[in-house]
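What follows is one structure encoded as structure tokens, with my remarks underneath.
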Amino acid sequence: MERLWNFVHQHVLFPLAEPMVPWKKETYVGLDVFYKEYIEVGGRSFGQNFIPFLQGLGMPKQPRAFEWCAGAGFVGFSALAHGLCENLALADISKEAMKACRRTIAKNRLGQRCVAYVSDNLKDIPQSEKWDLVLGNPPHHADEYAGDRRGYDDKWGIRRGFYTSVRPFLNPGAVIVVLENNRASTLDGFRGMIEDGGLKIVLTQNDVPERTSEDRFYFIVTMRREDTPPAWLTGG
Ligand SMILES: C[S@@+](CC[C@H](N)C(=O)[O-])C[C@H]1O[C@@H](n2cnc3c(N)ncnc32)[C@H](O)[C@@H]1O
């Protein structure tokens, strides 16, 4: 029943009501990010953990970043505004989310630096895209929110699809940072699919080995198997 309701909500009610829903705005270092309430799924709150995490590591500005499962792009646009990347690509399966990203790009005159793709995972990303940094706050749950693609990753299929298809888009030395929730997952659940994708885990932050009863957000940092992690990642 919950799954049916979520489907009707997502595919019938949302598209009908969407034009009437007012735009909202969040500002990062002078960059206005536009969104509608239902698109916001953590990017404005815990999603902003990316910024101090990357700044704390001393990451230099990356030429081109990508936000996977971007929603309204709170994470990616904030990274751009904070000088963590020069250019930004964003993608999401939701047309409404990408409409919001395109509004942000237009209103901030970022057309030369940013692009937004509607894409199921990486399937519709042009092969010419090459990234130095990938950021992602994907749906966190495989046993809650069934039918709601903002929260539910059925049998971790979105993760598996991402980790096993992202390699061709990575420049040598590229770093992938994904935000996870220990209430829903543990690092060990993702290790196999990361390795199957020709990647390796180079760093994690704030994870614990067992699932937690409360939200506990953690980062998984991966790179291509053959790449040497940069000094800013290893503290060298
Ligand atoms: C937890 S929300 C996070 C959104 C945004 N990153 C944020 O932090 O606010 C997960 C996002 O993943 C998107 N998503 C779900 N399934 C997807 C898929 N197969 N391909 C691309 N995006 C997907 C949803 O539309 C949603 O915007």
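Whatever order the structure lists them in is the order used to number ligands and atoms, beginning at 1. Everything numeric here is computed off the predicted structure, so don't read it as measured data. Start at 1 with the first residue, then count along the sequence.
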Identity and distance of the protein heavy atom lying nearest [atom]:
| atom | answer |
| --- | --- |
| atom 15 (C) of ligand 1 | Arg149 O, 3.1 Å |
| atom 19 (N) of ligand 1 | Asp120 OD1, 2.9 Å |
| atom 20 (N) of ligand 1 | Asn121 N, 2.7 Å |
| atom 13 (C) of ligand 1 | Asp92 OD2, 3.2 Å |

Heavy-atom distance to atom 14 (N) of ligand 1: which of Ile93, Leu135, Leu122 wins?
-> Ile93
Pick whichever of Cys69, Gly71, Gly47 has a heavy atom sitting closest to atom 6 (N) of ligand 1.
-> Cys69
Between Phe77 and Tyr28, is the gap from one ring center to the other below 6.0 Å?
-> no
With heavy atoms of [X] as the reference, note each atom of ligand 1 found under 4.0 Å away.
| X | value |
| --- | --- |
| Ile158 | 16 (N) |
| Ser119 | 20 (N), 21 (C) |
| Ala70 | 5 (C), 6 (N) |
| Gly43 | 7 (C), 8 (O), 9 (O) |
| Glu67 | 6 (N) |
| Asn137 | 1 (C), 2 (S), 3 (C), 6 (N), 7 (C), 8 (O), 10 (C) |

With a 4.0 Å heavy-atom cut-off (strictly under), which part of Ala72 contacts ligand 1: side chain, backbone, both or neither?
-> neither
For [X] versus [Y], what's the shortest heavy-atom pair and its separation?
| X | Y | result |
| --- | --- | --- |
| Thr186 | Asn182 | CA-ND2, 4.0 Å |
| Met98 | Tyr117 | SD-O, 3.2 Å |
| Gly197 | Arg167 | O-CD, 3.1 Å |

Give a yes or no answer on whether the side chain of Thr104 reaches the backbone of Phe34 with a donor-acceptor pair at less than 3.5 Å.
-> yes
Any chance you could measure Trp23, atom CH2, to Lys99, atom NZ, to the nearest 0.5 Å?
-> 6.0 Å
For residues Asn121 and Trp68, is any side-chain donor paired with an opposing acceptor at under 3.5 Å?
-> yes
Under 4.0 angstrom from ligand 1, any heavy atom of Ala97?
->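 So Ala97 does not count as touching ligand 1.
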Between ligand 1 and [X], is the shortest N or O to N or O distance under 3.5 Å?
| X | value |
| --- | --- |
| Arg44 | no |
| Arg150 | no |
| Trp68 | no |

Option among Leu135, Leu88, Ile125, Asn87 that satisfies the side-chain contact (heavy atoms from CB on, under 4.5 Å) test with Phe66 | Ile125
Charged N to carboxylate O below 4.0 Å: is that the case for Asp215 and Arg183?
->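 Salt bridge between Asp215 and Arg183, a charged N being under 4.0 Å from a carboxylate O: yes.
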Is the shortest side-chain N to carboxylate O distance from Glu180 to Arg216 below 4.0 Å?
->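 Salt bridge absent between Glu180 and Arg216.
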Pairs meeting criterion salt bridge (Lys or Arg N to Asp or Glu O under 4.0 Å) with involvement of residues 195-205, two or more places apart |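 Salt bridge (Lys or Arg N to Asp or Glu O under 4.0 Å) check on residues 195-205 returns Arg160-Asp196.
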